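A short write-up of the structure that comes next.
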There are 2 protein chains.
Amino acid sequence: MTPMTPTFHDRAEDLVQRTGARVTRQRVEVLAVLLAARRALSHHEIEGRVNRGAGMDRVTVYRVLEWLTSHHLAHKIAGDDRVWRFNAAGDEPERTHAHAHFKCNDCGEVICLDEATAARSVPLPSGFHPQEVELTVKGLCAGCAPAAAAQRRSRAHAQHRH
Amino acid sequence: MTPMTPTFHDRAEDLVQRTGARVTRQRVEVLAVLLAARRALSHHEIEGRVNRGAGMDRVTVYRVLEWLTSHHLAHKIAGDDRVWRFNAAGDEPERTHAHAHFKCNDCGEVICLDEATAARSVPLPSGFHPQEVELTVKGLCAGCAPAAAAQRRSRAHAQHRH
DNA sequence: GTTTTCGCGCAACTCTGTTGCATTAGAACT
DNA sequence: AGTTCTAATGCAACAGAGTTGCGCGAAAAC
């Protein structure tokens with residue numbers, strides 16, 4: 001009757017415990033949700049998934065997410081819709097400085113492209129010091145690309161409003 | 001007694017006129033502000049600069065900016081502070097698909113790195129179709145880099161809260 | 001100069017995220 | 001197990017960015 005696959009829950013619990021701070025239901029649950037997701041989740045999505053189990057306050061979710069990012073258990077991505085999205089941090093706590101993301105223009109899904117091979121050596125004006133590089137590729141994900149193409153086709157036949 | 005350098009104002013007026021839509025004081029003024037700025041401006045900054053002349057409603061500024069972007073006279077950038085910033089679009093209406101920006105972590109200033117040399121060929125999972133690439137380099141701009149270094153030094157001596 | 005209609009101003013609203021404060025519950029210690 | 005201490009939670013109220021609806025005013029078409 002556990003609402004979350006035990007594996008993610010246990011991994012989350014372990015990760016929270018390792019920080020030395022308090023292991024609360026809320027922290028574990030939110031982190032478990034992030035670990036289970038294969039894409040970056042908005043606060044709204046996280047709140048929804050977490051509240052299927054017990055209840056959790058909106059503000060608590062915000063604060064837990066803030067805590068998780070400050071402890072490098074998650075990282076946040078600024079979408080172009082003014083909404084933060086969150087990922088469970090990879091197991092490597094070091095490489096927090098060269099994220100690359102893919103955002104689907106159709107379904108809005110954001111995934112992490114961990115192969116941050118690009119983004120090296122961008123030419124800057126003199127006097128400028130680079131610290132982080134954020135690269136976002138936008139386009140159509142594997143799920144939406146065929147659908148979008150089909151939609152374009154049908155729109156070409158009868159073009160209707162709304 | 002004109003509040004804006006005539007050059008920018010005139011260029012703005014011309015650009016608006018070319019779209020075929022109505023040439024209003026508001027559209028011209030906002031575009032002139034963008035043309036005059038050498039960096040991306042937030043809505044707040046734009047509103048401030050524009051209101052030094054006559055008055056202009058908050059909402060109108062939003063709508064004008066939306067209109068400008070949809071007519072390719074400006075483009076907007078999502079900052080990591082959840083605030084849109086706006087640039088006058090370059091004179092080339094084509095290259096709307098590979099922006100590169102620099103955001104200063106100290107003063108928050110955003111400038112356009114038009115040499116979008118980077119961002120080519122990011123490896124994507126199969127089935128994914130890239131459409132746009134957005135690259136943001138964060139760091140310290142030429143103005144802030146020395147100041148930030150000095151601040152770090154003095155903070156090392158006496159550390160204080162807020 | 002009159003008419004038409006697009007765009008502006010105003011007010012009220014939504015949505016994301018934050019702050020202050022009283023209460024609850026980890027976990028450390030008997 | 002019970003006590004105690006304090007960090008986290010929940011609640012309510014707030015703040016900032018951006019949006020929507022609607023009547024009026026002013027571009028531009030006639």
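Naming convention: chains lettered A, B, ... in sequence-line order (proteins, then strands); numbering from 1 in each chain. In this text the structure is predicted, and so the values were computed from the model without any measurement. All values below were derived from every heavy atom in this structure, side-chain atoms included, with hydrogens, water molecules and symmetry-related copies excluded.
Atom CG in B:Leu31 sits about 15 Å away from atom P in C:dG7, given to the nearest Å. To the nearest angstrom, P of C:dT16 lies 13 Å from CD1 of A:Ile46. At whole-Å resolution of the value, CD in A:Glu29 and P in C:dG26 are 12 Å apart. Separating the NE2 atom of A:His43 from the C1' atom of C:dC15 is a distance of 12 Å, rounded to the nearest angstrom. Regarding B:Arg22, its CZ atom lies at a distance of 14 Å from the P atom of C:dT4, rounded to whole Å. Rounded to whole Å, atom C1' of C:dG26 lies 11 Å from atom CD of A:Gln17.
Here A:Leu41 contributes atom CG and A:Leu34 contributes atom CG; the two are 6.0 Å apart, rounded to the nearest 0.5 Å. Rounded to the nearest 0.5 Å, atoms OG1 (A:Thr60) and CZ (A:Arg27) are 10.5 Å apart.
When the side chains of ILVMFWY residues are joined at heavy-atom separations under 4.5 Å, either directly or via intervening members, B:Ile77 and A:Val83 end up in two distinct hydrophobic clusters. Under the 4.5 Å side-chain heavy-atom criterion for grouping Ile, Leu, Val, Met, Phe, Trp and Tyr, B:Val59 is not connected to B:Val50 through any hydrophobic cluster.
When ring centroids are compared, B:Tyr62 and B:His43 come within the 6.0 Å threshold.
Residues A:Arg39 and A:Glu45 are paired through a salt bridge, judged by an N-O separation under 4.0 Å between the basic side chain and the carboxylate.
Applying a 4.0 Å cut-off to non-hydrogen atoms, the residues of residues 57-67 of chain B that approach DNA chain D are B:Arg58, B:Val59, B:Tyr62, B:Arg63, listed by residue number.
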Discussion item. What verdict does the side chain to side chain contact (heavy atoms under 4.5 Å, CB included) test give for A:Val110 and A:Phe102, after you've listed the backbone C-alpha separation in whole Å, the side-chain angles of each residue and the deciding distance to 0.1 Å?
Written reply: CA-CA 6 Å; A:Val110 177; A:Phe102 180 90; over 6 Å; no
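Checking the phosphate oxygens (OP1, OP2) of C:dG7, a side-chain nitrogen or oxygen of B:Arg27 falls inside 4.0 Å. Proximity of A:Trp84 to the phosphate of C:dT16: no side-chain N or O atom is located under 4.0 Å from OP1 or OP2.
Chain A approaches DNA chain D over the interval D:dT6 to D:dG18, counting the first and last nucleotide 5' to 3' with an atom under 4.0 Å from its heavy atoms.
B:Val64 is listed as a side-chain neighbour of B:Leu68, based on a closest heavy-atom distance under 4.5 Å. Side chains of A:Phe8 and A:Val33 form no contact here, defined as non-hydrogen atoms less than 4.5 Å apart.
If B:Thr24 and A:Ala21 are placed on DNA chain D by their nearest nucleotide, the residue sitting closer to the 5' end is A:Ala21.
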